[in-house]
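Notes follow once the structure below has been shown.
Nothing here was measured: the structure is a model prediction, and the numbers come from that model. For reference, positions follow the sequence shown, starting with 1. Note: hydrogens, waters and symmetry copies are ignored here, and every other heavy atom, side chains too, is used. Start at 1 and go down the list; that is how both ligands and their atoms are numbered.
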Amino acid sequence: MTWRFALLIEPAAPEDPRTDFADTFAVIDPATPALSVGELSTQRGDGIFESIGVVDGHAQEVEAHLDRLANSARLCDLPEPNVAQWRQAIVHAAAASPATGEGVIKLILSRGVEHGPAPTAWVTAAEARDSSDARGRGIRVVTLDRGYDSEAPARAPWLLLGAKTLSYAVNMAALREAHRRGADDAIFVSSDGFVLEAPTASVILRFGDRFVTPEPGGAILHGTTQLSLFEHLEALGHEVAYEKVPVAALAAAEAMWLVSSVRLAAPVTAIDGAEMAMDAELTADFNRYLLSPRD
Ligand code: PLP
């Protein structure tokens with residue numbers, strides 16, 4: 001990843017009425033160290049983040065990402081983000097993003113430095129990795145047990161399962177396990193046999209003219225890409241649904257995608273070693289739509 005831009009933010013209170021937060025921003029060199037060694041984001045992964053896709057300098061689905069950032073903050077007992085301040089920081093980052101091609105803007109809100117000051121926040125902009133292979137040729141996936149049952153989110157909210165926290169070590173370990181098994185990616189399943197999500201993407205299944213995704217319900221992230229694609233599918237006259245999806249349904253699906261903000265729609269070509277047909281035409285339509293400017 002080529003970093004292009006980084007901005008440190010002094011988080012403003014949510015009720016701060018300013019319309020210009022420029023004096024709370026400090027542009028820094030993304031190649032030089034900037035965080036305190038006491039940072040709880042690096043010591044404990046204690047913070048939240050968002051990754052926003054950028055296409056030809058346009059940051060995609062900003063409001064959906066800001067809504068999820070606020071939701072993650074609530075779940076993690078972090079101070080509520082001042083949305084106007086973050087929106088302005090995103091405008092700066094988008095201006096520093098590649099004017100043509102794809103980029104990624106990250107928003108990070110950390111619990112801060114141990115014993116204060118707290119919290120800390122920053123935004124970065126970088127060029128996106130090339131995802132054309134995953135989009136065009138598809139990906140092979142394996143199912144991996146996430147190690148909790150579908151009632152765990154209600155029983156143990158401190159697991160923060162619906163928050164996009166910085167603690168992604170488990171998600172990265174699952175990707176390594178998928179690679180060890182000869183696959184490109186993984187789909188987490190609950191210990192009582194329901195489909196959850198991929199380590200960095202949401203799952204969409206097609207059954208005839210019906211498109212289904214596992215209901216968020218606190219166990220998984222509500223993907224902004226999935227939300228946007230469901231709007232697109234509904235506008236095309238298709239039926240969309242949030243459901244509890246049993247693992248057996250994966251084999252019955254006529255097509256399947258992992259969708260996320262930067263890689264966009266990656267069609268699944270094999271699941272646990274069983275080949276699966278990919279819908280090249282619909283995938284191309286999904287990615288054309290996802291690469292068009294979206295607010
Ligand atoms: N689920 C997880 C665990 C993720 O990390 C992500 C994105 O990184 C997603 C789903 C998809 O979310 P989005 O479409 O907003 O990128």
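In this structure, Arg68 is part of the shell of residues with a heavy atom less than 4.0 angstrom from ligand 1. In this structure, Lys164 counts as a contact residue of ligand 1, since one of its heavy atoms falls inside 4.0 Å of the ligand. At a 4.0 Å cut-off, not a single heavy atom of Ser228 sits close enough to ligand 1 to count as contact.
Between Gln43 and Gly38, the closest heavy-atom pair is NE2-O, 3.2 Å.
At the shortest separation from atom 13 (P) of ligand 1 among protein heavy atoms lies Ser261 OG, 3.4 Å.
Screening Val104, Ile90, Val262, Ile105 against Val54 for a side-chain contact (heavy atoms from CB on, under 4.5 Å) leaves a single residue, Ile105. When each of Leu264, Leu229, Asp279 is checked for a side-chain contact (heavy atoms from CB on, under 4.5 Å) with Trp257, only Asp279 meets the rule.
Contacts of Thr224 with ligand 1, taken as heavy-atom pairs under 4.0 Å, involve both backbone and side chain. The backbone of Pro199, and not its side chain, has at least one atom closer than 4.0 Å to an atom of ligand 1 (non-hydrogen atoms only; backbone = N, CA, C, O). Heavy atoms of Ala64 found under 4.0 angstrom from ligand 1: none, in either backbone or side chain.
At a 3.5 angstrom cut-off on N or O pairs, Tyr168 counts as close to ligand 1.
The heavy atom nearest to atom 7 (C) of ligand 1, considering only Thr200, Leu227, Thr225, is found in Thr200.
In terms of modelled atom types and a separation under 3.5 Å, the side chain of Asp272 and the main chain of Thr143 share a donor-acceptor contact. Formation of a donor-acceptor pair under 3.5 Å by the Asp295 side chain with backbone atoms of Glu61 is not found in this model.
Shown here are the side-chain contact (heavy atoms from CB on, under 4.5 Å) partners of Glu177, two or more places apart in sequence or in another chain: Leu144, Arg180, Arg181.
Aromatic pair Phe211/His232: ring centres not closer than 6.0 Å.
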